[in-house]
*Asks:* 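Attaching a single structure in structure tokens format; questions to follow.
All chains are named by letter (A, B, ...) in the order of the sequence lines, taking the proteins before the strands, and each is independently numbered beginning at 1.
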Protein chains: 2
Amino acid sequence: MAEDTMRDRILDAAESRARQSGYHGFSFRELASDVGIKSASVHYHFPTKAVLAEALTERYAQTALERLGAPEGPLEAFNRVAALFREAVEVEDKMCQCGMFGAERDSLPPEVAAATERYFQRLTELLERAAPKNPAPYRAETILSAFEGALLLVKALDDPSVFDRVVADLRRAY
Amino acid sequence: MAEDTMRDRILDAAESRARQSGYHGFSFRELASDVGIKSASVHYHFPTKAVLAEALTERYAQTALERLGAPEGPLEAFNRVAALFREAVEVEDKMCQCGMFGAERDSLPPEVAAATERYFQRLTELLERAAPKNPAPYRAETILSAFEGALLLVKALDDPSVFDRVVADLRRAY
DNA sequence: GTCTATAATTTGATAGAC
DNA sequence: GTCTATCAAATTATAGAC
């Protein structure tokens with residue numbers, strides 16, 4: 001969100017809409033309107049929707065992974081990931097973008113599906129590196145599932161407070 | 001899936017496509033093609049897409065809640081819900097339909113959003129009724145989050161085995 | 001109930017002027 | 001880089017014949 005190039009502003013608009021409506025839920029014309037240009041000009045920056053969505057996913061993944069860094073223990077890893085997901089709920093009131101694309105995966109252009117998969121692979125690795133087999137072998141997948149699902153429940157129930165309860169409950173089981 | 005009326009066949013096709021691509025990811029023409037009629041004939045059964053999606057969500061919710069019944073203890077409730085979600089992964093290889101619509105909620109027609117919300121409210125109540133404050137107050141939301149998120153991770157990572165690991169991990173923490 | 005035909009709008013995408 | 005203009009295809013939905 002820092003850079004103010006038109007390319008980034010388009011990606012900002014795309015991220016907002018994709019996280020609310022999914023890949024099939026936004027159009028070039030809507031993005032163009034959001035940033036104050038015409039849809040033909042969006043195609044100058046991103047030739048196809050697949051290219052745009054791939055760039056969007058890469059940017060989202062890079063930003064998230066940079067913010068997480070390399071936590072040293074299982075608790076710090078848990079807390080950092082929890083803080084990251086909490087921001088999606090409390091600040092942006094939206095799904096995780098990769099969670100949205102992950103759910104839609106089978107109807108996504110292959111390069112977008114692949115970029116989405118890479119994000120979750122890296123997130124899983126980051127968590128497992130911080131908590132090797134402790135307290136259980138696949139705890140990383142459970143934590144990610146619970147967080148992604150908590151965002152989903154927040155939207156489905158229209159109740160942001162669900163997220164904090166799930167995190168507290170999960171922390172207790174840690 | 002039992003009744004063989006055209007109405008039910010259309011809903012079957014809609015469910016399959018909605019669980020793969022979301023509300024914005026399927027069209028009347030595709031459904032018509034799936035069941036061997038023309039899109040105008042789909043409109044005879046469901047005047048608008050919103051009406052169709054609402055009926056679809058009601059049917060999905062009713063089927064799921066009937067199958068769950070009224071489990072007597074927390075373990076039985078956990079096992080029944082786990083079995084229900086497992087079927088979505090192993091048999092149908094698709095998202096939970098209400099999970100999909102829940103994620104897309106803010107871009108859904110209001111009646112579809114409302115039907116989706118009701119499903120999760122009832123699921124939560126069912127779990128809380130079976131496990132009152134045991135072992136923790138909001139465990140029901142955590143379990144639902146983990147299951148919905150596990151389906152999402154299965155799709156995102158294209159790895160069905162994620163689901164069983166998450167369930168095993170969750171059961172351990174029970 | 002299903003069809004043909006069609007309306008009105010939107011979609012992703014391209015050509016070419018400036 | 002952004003525009004106007006345009007395209008071919010797809011979208012939800014309706015009217016009316018059979």
*Asks:* For B/Cys98 and B/Thr116, which heavy atoms make the closest approach, and how far apart are they?
*Replies:* O-CG2, 3.5 Å
*Asks:* With the threshold set at under 4.0 Å for non-hydrogen atoms, list the residues of residues 20-31 of chain A touching DNA chain D in residue-number order.
*Replies:* A/Arg29
*Asks:* Restricting both atoms to N or O, compile the protein contacts to nucleotides 3-5 of chain D shorter than 3.5 Å, with distance only.
*Replies:*
from, atom 1, to, atom 2, distance (Å)
D/dC3, OP2, A/Lys38, N, 2.6
D/dC3, OP2, A/Ser41, OG, 3.0

*Asks:* How many Å lie between NE2 on A/His43 and P on C/dT11, as a whole number?
*Replies:* 11 Å
*Asks:* Taking only residues two or more places apart in sequence, or in another chain, which ones meet B/Glu58 in a side chain to side chain donor-acceptor pair (under 3.5 Å)?
*Replies:* B/Arg118
*Asks:* I need the full list of salt bridge (Lys or Arg N to Asp or Glu O under 4.0 Å) pairs touching residues 71-81 of chain A, with sequence neighbours left out, sorted by first then second residue.
*Replies:* A/Glu76-A/Arg80
*Asks:* Can you name the residues that form a side-chain contact (heavy atoms from CB on, under 4.5 Å) with A/Arg9, not counting sequence neighbours?
*Replies:* A/Asp4, A/Met6, A/Val35
*Asks:* Can you tell me which nucleotide in D/dT2, C/dT2, D/dA13 comes closest to the side chain of A/Tyr44?
*Replies:* D/dT2
*Asks:* Whole angstroms only, please: what is the CZ-P distance between B/Arg9 and C/dG1?
*Replies:* 13 Å
*Asks:* Pair up each side-chain donor or acceptor in residues 37-46 of chain B with any protein partner under 3.5 Å, not counting sequence neighbours, and list the distances.
*Replies:*
from, atom 1, to, atom 2, distance (Å)
B/His43, ND1, B/Pro47, O, 2.9

*Asks:* Figure out the CZ/P separation between A/Phe46 and C/dT14, and round it to whole Å.
*Replies:* 16 Å
*Asks:* Do B/Ser161 and B/Arg165 have side-chain N/O donor and acceptor atoms under 3.5 Å apart?
*Replies:* yes
*Asks:* For B/Phe120, is there any backbone N or O sitting under 3.5 Å from a side-chain donor or acceptor partner on B/Thr124?
*Replies:* yes
*Asks:* What nucleotide among C/dG12, D/dT12, D/dT2 has an atom nearest to a side-chain atom of B/Lys49?
*Replies:* D/dT12
*Asks:* When the ring planes of B/Tyr119 and B/Tyr60 are compared, do they come out parallel, tilted or perpendicular, using 30° and 60° as the limits?
*Replies:* perpendicular
